[in-house]
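This chain uses plain numbering: 1 for the first residue, then up along the sequence. Since the structure is predicted, the reported quantities are computational estimates derived from the model, not experimental observations.
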Amino acid sequence: MTIANVQPTQIDDIGELSAVAFADDPIFREIFTDRRRHRAYLLTTLAITLRSKAPGRIARVALRDDAVVGVAVWHTEGAKSLPADLDRDMSRVLKKFLRRLGPDRQRFARFVLTHRATMPMEHGWLLGHLAVHPEHHRGGIGSALVADGLARADAQGRTVFVQTSRPEYVAFYERSGFTVISCHELYPDSPLLWNLRRAPGIPPDALADS
């Protein structure tokens, strides 16, 4: 397995991989009653993120036999400093999605409004996206992608934050030195969302396969 910077020719593959990896995500299943809308959302928003030329983003892929099997996207200035041009593009996309979502419109709008308010706003790195193709789970790919980013953050003495809506991933991140700082609903009766934090230089416990 090789970990490398994302190349423009890999963006479509990353979107498709992420759509499969997040197909059973509790929050996305709550929002989107039609999986095609969920897939379209991930493909579009990831393409905007990965094609952005703005500083403050590190995107890395895991490759096996030149095929993309995992991806990690890090924001080096945290959630509150996402690039302005990226935010403008995202806002434009989200408005288009709202017009096309039909019965999912209200749930999606509620998610957009509440999710940003729950993001950790302390100064530090944010692991904004981590996905491994299900066919390659338990192969150490997620652990390797996380370790790759944490080594860079540690070299700068930076705290790292991450969010997850899956309890099994809480344990995965804890093995990399993260600790839970909050757990809450985005809105009444929504799936739970965990915020985790890792101080710089925390050694991981023997990283388990993801």
Side-chain angles (χ1 to χ4, degrees), residues 1-11 13-15 17-18 21-22 42 45-64 66-87 90 116 118-133 136-164 166 169-182 194-210:
M1 180 182 63
T2 303
I3 296 178
N5 291 330
V6 168
Q7 300 301 314
T9 55
Q10 298 167 333
I11 290 176
D13 289 342
I14 290 169
L17 177 154
S18 297
F22 281 88
L42 281 173
T45 54
L46 272 173
I48 291 171
T49 300
L50 295 174
R51 289 192 171 99
S52 171
K53 302 294 185 183
R57 177 188 54 75
I58 296 174
R60 304 277 281 172
V61 287
L63 303 170
R64 278 191 174 160
D66 295 326
V68 176
V69 293
V71 60
V73 181
W74 307 78
H75 300 283
T76 62
E77 296 302 322
K80 66 181 179 181
S81 300
L82 292 174
D85 64 329
L86 184 60
D87 278 346
M90 283 294 189
R116 184 65 182 241
T118 69
M119 298 184 79
M121 290 297 173
E122 298 176 50
H123 190 63
W125 283 32
L126 173 71
L127 175 51
H129 185 77
L130 177 69
V132 175
H133 195 286
H136 295 274
H137 279 187
R138 311 301 302 176
I141 294 169
S143 298
L145 284 165
V146 170
D148 173 74
L150 293 181
R152 294 164 179 255
D154 285 347
Q156 298 180 13
R158 303 292 295 279
T159 299
V160 181
F161 299 91
V162 68
Q163 291 185 311
T164 184
R166 304 190 69 154
Y169 292 172
V170 173
F172 165 74
Y173 287 119
E174 286 177 334
R175 290 192 292 271
S176 295
F178 287 86
T179 57
V180 174
I181 56 176
S182 67
W194 284 263
N195 281 322
L196 296 97
R197 176 184 184 275
R198 178 187 180 275
I202 298 294
D205 295 336
L207 289 174
D209 293 341
S210 73

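Under the 3.5 Å distance criterion, the side-chain polar atoms of H137 are matched with a main-chain donor or acceptor of V132. Remark: the backbone N or O of S176 is paired with a side-chain donor or acceptor of R198 at under 3.5 angstrom. Here the side chain of R57 pairs a donor or acceptor atom with the backbone of T49 at under 3.5 angstrom. At distances below 3.5 Å, at least one donor-acceptor pair connects side-chain atoms of D154 with backbone N or O atoms of G201.
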Assess whether side-chain contact (heavy atoms from CB on, under 4.5 Å) is satisfied between E174 and V180, documenting all intermediate values.
CA-CA 8 Å; E174 286 177 334; V180 174; 3.8 Å; yes
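For the ring pair (Phe, Tyr, Trp, His ring centres under 6.0 Å) test, no residue two or more places apart in sequence or in another chain qualifies with Y169. For T76, the side-chain contact (heavy atoms from CB on, under 4.5 Å) partners are I58, W125, not counting sequence neighbours. Residues passing the side-chain contact (heavy atoms from CB on, under 4.5 Å) test with A47 are I11, R51, sequence neighbours excluded. Checked against side chain to side chain donor-acceptor pair (under 3.5 Å), R60 has the following partners two or more places apart in sequence or in another chain: N5, D148. Checked against side chain to side chain donor-acceptor pair (under 3.5 Å), T118 has the following partners two or more places apart in sequence or in another chain: Q163. Under the side chain to side chain donor-acceptor pair (under 3.5 Å) criterion, D13 pairs with no residue, sequence neighbours left out. Residues passing the side chain to side chain donor-acceptor pair (under 3.5 Å) test with H133: none are found, sequence neighbours excluded. Every residue two or more places apart in sequence or in another chain that forms a ring pair (Phe, Tyr, Trp, His ring centres under 6.0 Å) with Y173 is listed here: F178.
Residues A62 and I141 share a closest heavy-atom pair of CB-CG2, 3.6 Å. Closest heavy-atom contact between H123 and F161: O-CE1, 4.1 Å. The two residues F172 and S143 have their closest heavy-atom pair at CE1-OG, 3.4 Å. Closest of all the heavy-atom pairs between L127 and A72 is CD1-CB, 4.2 Å.
One distance of note links OG1 of T159 with CG of L126; it measures 12.5 Å at 0.5 Å rounding. With values rounded to the nearest 0.5 angstrom, I14 atom CD1 is found 12.5 Å from L42 atom CG. With values rounded to the nearest 0.5 angstrom, M1 atom CE is found 9.5 Å from L63 atom CG. Residue R158 holds its CZ atom at 14.0 Å from CZ of R152, rounded to the nearest 0.5 Å. Atom-to-atom distance recorded for L50:CG and Q7:CD is 11.5 Å, nearest 0.5 angstrom. The line from NE2 of H136 to CG of L17 is 8.5 Å long, rounded to the nearest 0.5 Å.
Put simply, the side chain of L145 reaches to within 4.5 Å of the side chain of L130, judged on heavy atoms. The shortest distance between side-chain heavy atoms of V170 and T164 falls below 4.5 Å.
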